[in-house]
Amino acid sequence: MNADPNVLLPTAEPISFLSPDGTLSPDTPHIGLSDADLVGMYRDMVRTRTLDTLAVSLQRQGQLGVWASCRGQEGAQVGCAKALSPDDWVFPGYRDHGVTLVRGVPFPNVLKQYKGVWHGCYNPYDHKVASHSIPISTQLLHATGFATASKFRGELNAVITFTGEGGTSEGDFHEAVNYAAVYQAPVVFFIQNNQFAISLPRAHQNAAPTIAHKGVGYGAQGYLVDGNDIIATYFVTKAALDRAKSGLGPSIIEALTYRMQPHTTADDDTRYRTREEIEAWAEKGPILRFERFLRSRDLLDDALEARIREEATEEANLVREELINAIAPPVERLFDAVFTEPTEQLSAQKRFLLHEMGEVEA
Amino acid sequence: MNADPNVLLPTAEPISFLSPDGTLSPDTPHIGLSDADLVGMYRDMVRTRTLDTLAVSLQRQGQLGVWASCRGQEGAQVGCAKALSPDDWVFPGYRDHGVTLVRGVPFPNVLKQYKGVWHGCYNPYDHKVASHSIPISTQLLHATGFATASKFRGELNAVITFTGEGGTSEGDFHEAVNYAAVYQAPVVFFIQNNQFAISLPRAHQNAAPTIAHKGVGYGAQGYLVDGNDIIATYFVTKAALDRAKSGLGPSIIEALTYRMQPHTTADDDTRYRTREEIEAWAEKGPILRFERFLRSRDLLDDALEARIREEATEEANLVREELINAIAPPVERLFDAVFTEPTEQLSAQKRFLLHEMGEVEA
Amino acid sequence: MSFTLAEGLNQALHDAMSADERVIVFGEDVGQLGGVFRITAGLQAEFGNRRCFDTPLAESGIVGTAVGFAMNGFRPVVEIQFDGFMFPAFDQIVSHVAKYHSRTDGAVRVPIVIRIPYGGGIGAVEHHSESPETYFVHTAGLRVVTPGTPEDAYGLLRAAIESDDPVIFLEPKRRYYEKSDGDLPTSSAEFTKAAYRTRGETATIATYGPTVRTCLEAARVAKEEGWSLEVVDLRTLSPLDIGTVVESVERTGRLVVVHEASGTLGMGAEVAALVQERAFYSLEAPVQRVAGFDIPYPAALLEEHHLPSIDRILDAVERTLEY
Amino acid sequence: MSFTLAEGLNQALHDAMSADERVIVFGEDVGQLGGVFRITAGLQAEFGNRRCFDTPLAESGIVGTAVGFAMNGFRPVVEIQFDGFMFPAFDQIVSHVAKYHSRTDGAVRVPIVIRIPYGGGIGAVEHHSESPETYFVHTAGLRVVTPGTPEDAYGLLRAAIESDDPVIFLEPKRRYYEKSDGDLPTSSAEFTKAAYRTRGETATIATYGPTVRTCLEAARVAKEEGWSLEVVDLRTLSPLDIGTVVESVERTGRLVVVHEASGTLGMGAEVAALVQERAFYSLEAPVQRVAGFDIPYPAALLEEHHLPSIDRILDAVERTLEY
Ligand SMILES: Cc1ncc(C[n+]2csc(CCOP(=O)(O)OP(=O)(O)O)c2C)c(N)n1
Ligand SMILES: Cc1ncc(C[n+]2csc(CCOP(=O)(O)OP(=O)(O)O)c2C)c(N)n1
Ligand SMILES: [Mg+2]
Ligand SMILES: [Mg+2]
């Protein structure tokens with residue numbers, strides 16, 4: 001503990017290898033991604049974008065109550081998710097659709113949560129992905145506890161958890177990072193700084209030089225990365241995970257990115273930001289940039305791109321179908337899911353409801 | 001905002017001018033304290049120590065429910081309190097007796113809170129000292145709000161608030177410093193790192209290089225100071241207050257000191273620390289050191305020291321008298337103090353109690 | 001003329017800020033955006049960003065700094081964005097907002113209003129449909145108020161802001177767009193009295209907030225069955241005006257309490273306990289409670305089962321009649 | 001042989017940790033110090049500092065990390081140092097501990113026990129004498145348990161740790177040193193049943209935790225007056241075993257509920273509401289509540305007025321008799 005403060009501070013400039021025009025910096029370290037990996041990253045960004053777009057339209061059609069779009073953040077989300085090992089765990093927020101997609105959580109199940117089928121529509125143990133957390137940053141503490149538990153059992157996995165630059169203002173963020181540093185827990189706090197918390201611009205969220213500068217105050221490693229550069233994001237996340245797995249404790253990664261859509265479908269972002277700002281960021285978007293890079297390396301051509309997009313669209317059609325047909329579980333679950341064993345009180349309330357619905361005698 | 005991170009970081013070594021043997025470093029800047037000021041600081045440290053000692057004995061005699069001694073922390077407390085202007089406000093914790101004493105809060109009133117006469121036994125507006133806060137670090141948010149309010153009205157005062165190194169782990173610490181930095185509120189967070197939070201040593205409280213390193217993560221100035229050096233503490237606090245009053249925003253001061261007594265009179269510190277450790281710190285204590293310094297400057301001699309101690313003892317005798325005679329307010333206050341205007345419900349409950357006590361008809 | 005409950009609230013904030021420059025408004029997204037429900041719309045433009053401003057994302061911070069502002073002469077009206085996000089602020093509310101005045105034997109006043117959109121019925125995701133009133137009503141030192149009509153939205157909010165005590169102001173979010181046909185009120189409403197919303201003899205229905213309208217609809221339906229229900233809108237949950245309920249029950253002999261919050265230790269428990277104590281011989285049947293089940297608030301597709309419905313209310317009335 | 005309530009708790013923790021290595025204990029000062037009340041004394045020495053360890057000073061952190069530990073196969077038993085310091089953890093308790101199981105339709109279990117010394121009567125400073133049971137009992141998804149005797153301290157804590165549901169375990173701190181003459185139990189107690197502590201016909205007294213003993217003393221005094229009181233120790237506050245209370249009231253016709261927490265929406269409200277509903281015709285008089293006043297918990301020199309006393313309990317019994 002009490003590590004050298006200079007080492008814990010982030011770099012002065014964000015770590016970035018891929019410029020917006022798709023050129024890879026000559027200083028890029030060896031990253032160890034095969035051509036297939038690279039194309040796979042592209043594919044998952046396209047899938048994320050396509051499914052996210054589907055979700056927005058499903059919401060407009062009244063199929064979802066609300067949707068929090070991750071458009072523009074695919075580089076950060078797919079990049080970091082690709083750095084995970086199968087045994088690693090994920091504790092996501094409500095906008096981390098690219099992450100859960102890469103981890104294999106079926107997208108219809110994510111959508112069902114926004115349709116209101118049930119609050120958590122996938123089993124966290126299936127894909128090692130906790131239920132998305134809506135109360136901001138509360139899940140960070142779960143991640144710290146989970147990671148510490150793994151460490152205590154001598155397991156070699158790590159945990160990654162997500163919040164926004166807004167979420168770093170919550171007390172739970174502070175407690176989670178502090179506990180993690182004290183326990184030297186193998187956990188990575190991945191902060192997508194998408195410049196806004198609903199309407200609040202980052203500059204009013206905190207006055208820190210960067211969010212990555214918060215690390216040193218806990219004895220955690222701070223990393224500042226260009227979150228729209230999927231290669232840099234992958235690289236930095238891998239480094240932080242390796243660090244965690246070697247017993248060196250937690251890191252805070254600040255991934256600079258931009259929320260291209262309103263906060264949710266219920267939001268009106270024209271009240272607080274300009275079209276020009278959004279367009280300027282679109283130019284720096286993660287998919288376009290990576291596409292250019294892949295093309296420059298001859299890893300992508302029109303045909304492959306078309307196929308990838310087509311497959312994503314087909315996937316979206318299936319997802320759409322499943323979502324539209326999704327219905328709520330039987331009302332009994334409302335009562336039976338509360339405790340691990342039924343209580344008299346809840347059984348009586350269940351009978352009351354079923355009776356009211358005409359399904360049982362009083 | 002987004003200040004230069006290098007400026008916000010604390011010095012590598014604690015700021016210290018006075019060595020344990022009482023020699024003042026030749027590098028000491030001009031501090032602007034008169035001889036009378038210096039003797040006044042000494043007097044207030046002696047008063048604090050004397051009254052704190054009285055409190056411990058009053059507790060043993062059953063006059064107080066419990067007492068949290070500030071022994072060993074007089075340098076930090078008197079030093080920073082002396083740097084305040086009359087218009088500045090103080091938001092203290094439960095152990096900041098040296099601070100409240102310098103501010104003029106009558107010591108019997110502080111004691112009454114531990115006797116259980118009432119929870120808050122002084123009017124915060126009388127001495128610009130908020131009620132001591134028992135839930136750790138919750139008062140830091142009050143301080144931030146109060147300071148921002150002053151700033152909004154264009155007033156020129158500042159606020160200082162206190163917590164321990166343990167208290168920096170609470171979510172409210174985080175939120176308070178962050179809000180203060182965003183609002184550029186004139187507030188100083190004075191952290192007495194007395195090495196323990198009850199039984200927990202500082203090294204298990206957090207893994208930061210120093211607590212002062214937490215500043216940069218908020219865009220707040222970090223200061224690390226030898227809290228047993230009253231001159232350095234005064235100097236650093238003055239700098240932080242001046243900074244705050246000039247509109248440059250909040251600071252975190254970590255004052256290194258040592259809790260010489262058990263956590264409270266209810267604690268048994270032999271379970272978690274050694275006598276040797278305590279004795280080693282006694283050697284570096286704030287009063288002894290300052291006494292040596294004053295003597296080396298001919299500002300103190302045996303006669304003056306004797307007089308100061310005698311006066312403190314006399315004061316303690318009066319305090320003791322007042323405390324022993326203190327009685328609880330009439331039970332009506334329990335009900336009438338809840339709201340600014342009586343409610344029917346509480347008036348009825350008051351009548352019920354008075355009736356039970358035989359003081360009114362049903 | 002007509003106005004919605006949301007407009008009543010917005011106008012009340014506006015008028016309160018005009019009337020007293022110590023009144024300030026802050027919370028998440030309340031400034032330029034005007035709040036996610038637009039209750040604070042236009043305030044920053046009119047009064048500037050030192051009277052209406054956004055906070056960082058931290059609820060304990062919102063309420064904790066409000067205590068400091070209040071101690072320093074301001075009268076903060078803060079917004080918690082949704083019911084479910086009140087909990088991080090709960091410590092500041094219980095430990096300081098509720099206690100500071102009595103802690104200092106009256107020396108420190110904390111005239112803070114904490115506005116919280118609450119309740120379900122809007123098809124929301126988890127944590128956006130909670131009914132936290134019990135937590136506040138049980139906490140000594142807080143006033144708890146909730147309007148059931150657009151008029152009261154205006155009048156009670158003005159009264160809350162004028163009060164020198166801390167007030168938890170619960171806004172029935174699914175009724176934000178409910179309309180009233182009258183003119184916007186211009187002054188504060190009486191603060192501590194329940195109100196009869198309909199008169200009747202068959203049974204008394206005590207309710208508040210979002211279910212006032214549901215109960216009025218039930219009363220209309222009941223009329224067709226030949227029952228006349230007396231709907232009492234509690235308005236102030238703490239301190240509770242139980243006298244009005246008792247007075248009604250003394251006439252009707254029957255009482256149903258209706259709310260969305262879970263039944264166990266919901267407001268219905270207190271109302272039932274008080275009424276059986278004060279109108280023991282008037283009650284022809286036990287007080288019935290129509291409340292949310294003792295389950296976490298359900299997902300959107302299932303919430304209708306949880307919320308008090310007209311049928312469920314009328315069934316309860318029937319139980320009191322058949323007892 | 002005899003043992004105190006505190007010893008019962010300590011032994012229960014010890015035995016539970018021996019029986020199941022997934023059981024871990026953490027909180028502020030629970031390690032080397034053994035907790036400020038020494039309830040965890042000796043555990044770190046015996047089981048090592050990965051089974052019993054100190055946390056940093058942050059209660060949301062304690063409970064929030066417990067959720068993570070539980071999801072990852074452990075069974076955390078965490079200590080909140082005092083009742084008044086539960087509130088910073090309240091969001092984690094309400095938003096996650098209580099909801100995770102139902103959120104995931106049973107996929108995720110959170111077998112966490114949150115131990116909280118609670119209640120007054122020890123002459124403490126502010127925030128050290130709170131009775132927060134209502135906040136938990138009203139929250140769906142939590143089991144809430146509180147022992148009133150040294151035997152139950154052992155047996156209920158073992159049962160709480162064995163439960164796969166989250167349990168709020170409220171320890172009546174002013175009874176920590178209360179003794180029982182029997183031998184320490186060795187197994188868990190029945191979890192969901194109230195218990196008769198005395199039998200009688202004059203009236204029923206329902207109570208729990210710290211006031212079980214007060215009520216037993218009241219029953220002894222009452223005997224001299226020729227009354228025989230039936231004292232029911234509720235033991236589990238959620239879910240509540242109201243059946244036992246109803247059964248008793250059906251015989252006695254009279255009920256007094258006693259607790260330290262403020263009366264408004266205290267447990268007495270729920271008990272009264274249920275009993276008037278289920279034993280309407282058995283009640284000879286309204287259910288009486290003897291509870292703390294609706295005021296912040298008083299300072300030490302005044303707390304005696306706030307706490308239910310033998311006289312106040314007997315006065316309430318008398319009110320039911322004279323009704
Ligand atoms: C504890 C809590 N407070 C408030 C909210 C309401 N809310 C939902 S999203 C949001 C902004 C989050 O901003 P950020 O952390 O930057 O994440 P982003 O939405 O930009 O991904 C707010 C205030 C919430 N969900 N939880
Ligand atoms: C919110 C809260 N949690 C727990 C406590 C119990 N408690 C009282 S003092 C203390 C340790 C405080 O340590 P530190 O902040 O270093 O201050 P010190 O006592 O050393 O001055 C604890 C845990 C409390 N008062 N408030
Ligand atoms: Mg954001
Ligand atoms: Mg300390």
Side-chain angles (χ1 to χ4, degrees), chain B residues 89 91 113 118-126 130-135 137-153 155 157 159 161 170-172 174-183 185 187 329 333-341 343-348, chain C residues 22 24 26 48-51 53-74 76 88-89 91-92 94-96 98-112 140-143 163-166 191-192 236 238-243 274:
Chain B
W89 266 75
F91 286 74
Q113 301 179 149
W118 197 262
H119 292 311
C121 293
Y122 54 88
N123 181 336
Y125 296 102
D126 285 349
S131 297
H132 75 164
S133 173
I134 290 177
S137 288
T138 53
Q139 74 277 19
L140 276 53
L141 281 165
H142 311 166
T144 293
F146 197 100
T148 310
S150 282
K151 171 179 162 161
F152 280 9
R153 272 203 304 266
E155 292 165 2
N157 59 343
V159 172
T161 183
E170 289 281 3
D172 274 5
H174 177 68
E175 300 190 13
V177 182
N178 190 48
Y179 270 64
V182 169
Y183 298 159
V187 55
R333 297 304 308 154
L334 290 175
F335 305 90
D336 296 341
V338 179
F339 293 112
T340 57
E341 289 173 27
T343 65
E344 262 183 48
Q345 184 193 36
L346 288 175
S347 300
Chain C
R22 296 170 305 170
I24 54 176
F26 56 91
N49 63 12
R50 289 199 163 178
R51 301 234 10 236
F53 54 93
D54 292 330
T55 63
L57 207 180
E59 292 76 14
S60 188
I62 293 172
V63 174
T65 56
V67 172
F69 272 102
M71 290 178 73
N72 201 351
F74 284 91
D91 183 38
Q92 284 289 343
V94 171
S95 299
H96 292 298
K99 290 193 205 289
Y100 226 122
H101 188 263
S102 90
R103 173 185 300 146
T104 57
D105 197 16
V108 172
R109 297 185 162 200
V110 277
I112 298 173
L142 301 173
R143 291 183 185 268
S163 169
D164 282 336
D165 296 319
F191 204 38
T192 52
T236 304
S238 182
L240 189 62
D241 173 17
I242 198 68
L274 287 170

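The analysis underlying the following values was restricted to heavy atoms, covering all of them including side chains, and did not include hydrogens, waters or symmetry mates. Chain naming here is simple, since letters A, B, ... match the order of the sequence lines and numbering starts at 1 in each.
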Minimum heavy-atom separation for [X] and [Y], please, with both atom names.
{"X": "B:Tyr183", "Y": "C:Pro56", "value": "OH-CD, 4.1 Å"}
{"X": "C:Asn72", "Y": "B:Ala149", "value": "ND2-CB, 3.5 Å"}
{"X": "C:Met71", "Y": "B:Trp89", "value": "CE-CZ3, 4.5 Å"}
{"X": "B:Glu175", "Y": "C:Gly61", "value": "OE1-N, 2.6 Å"}
{"X": "B:Leu141", "Y": "C:Ser60", "value": "CD1-O, 3.4 Å"}
{"X": "B:Ala337", "Y": "C:Asp105", "value": "CB-OD1, 3.5 Å"}

Does the plane of the ring in B:Phe152 sit parallel, tilted or perpendicular to the ring in C:Phe53? Use 30° and 60° as the thresholds. perpendicular
Distance flag, aromatic centroids of B:Tyr179 and C:Phe26, threshold under 6.0 Å: no
Can you tell which part of [X] gets under 4.5 Å to a heavy atom of chain B, answering side chain, backbone, both or neither?
{"X": "C:Arg143", "value": "both"}
{"X": "C:His96", "value": "side chain"}
{"X": "C:Thr104", "value": "both"}
{"X": "C:Asp91", "value": "side chain"}
{"X": "C:Ser163", "value": "neither"}
{"X": "C:Leu142", "value": "backbone"}

If you round to the nearest 0.5 Å, how far is [atom2] of [Y] from [atom1] of [X]?
{"X": "C:Thr192", "Y": "B:Glu344", "atom1": "OG1", "atom2": "CD", "answer": "7.5 Å"}
{"X": "C:Leu274", "Y": "B:Gln345", "atom1": "CG", "atom2": "CD", "answer": "8.5 Å"}
{"X": "C:Ser102", "Y": "B:Phe335", "atom1": "OG", "atom2": "CZ", "answer": "11.5 Å"}
{"X": "C:Ile24", "Y": "B:Thr148", "atom1": "CD1", "atom2": "OG1", "answer": "9.0 Å"}

Do B:Arg153 side-chain atoms and C:Gly73 backbone N/O form a donor-acceptor pair below 3.5 Å? no
With a 4.5 angstrom heavy-atom cut-off, could you sort out which part of B:Ala185 is near chain C: side chain, backbone, both or neither? neither
Does any heavy atom of chain C fall under 4.5 Å from the side chain of B:Thr343, the backbone, both, or neither of them? side chain
Name the option with the most non-hydrogen atom pairs under 4.5 Å to chain C; the candidates are [options].
{"options": "B:Ile134, B:Thr144, B:Thr138, B:Asn123", "answer": "B:Thr138"}
{"options": "B:Gly120, B:Ser131, B:Ser150, B:Pro135", "answer": "B:Ser131"}
{"options": "B:His119, B:Glu341, B:Glu155", "answer": "B:His119"}
{"options": "B:Pro124, B:Gly145, B:Ala147", "answer": "B:Gly145"}

Side-chain H-bond candidate by donor/acceptor type, B:His142 with C:Gln92, under 3.5 Å: yes
Under a 4.5 Å cutoff for heavy-atom pairs, which residue among C:Ala107, C:Ala70, C:Ser95 has the most contacts with chain B? C:Ala107
For each of C:Asp165, C:Val67, C:Leu57, tally heavy-atom pairs with chain B at distances under 4.5 Å, and name the one with the top tally. C:Asp165
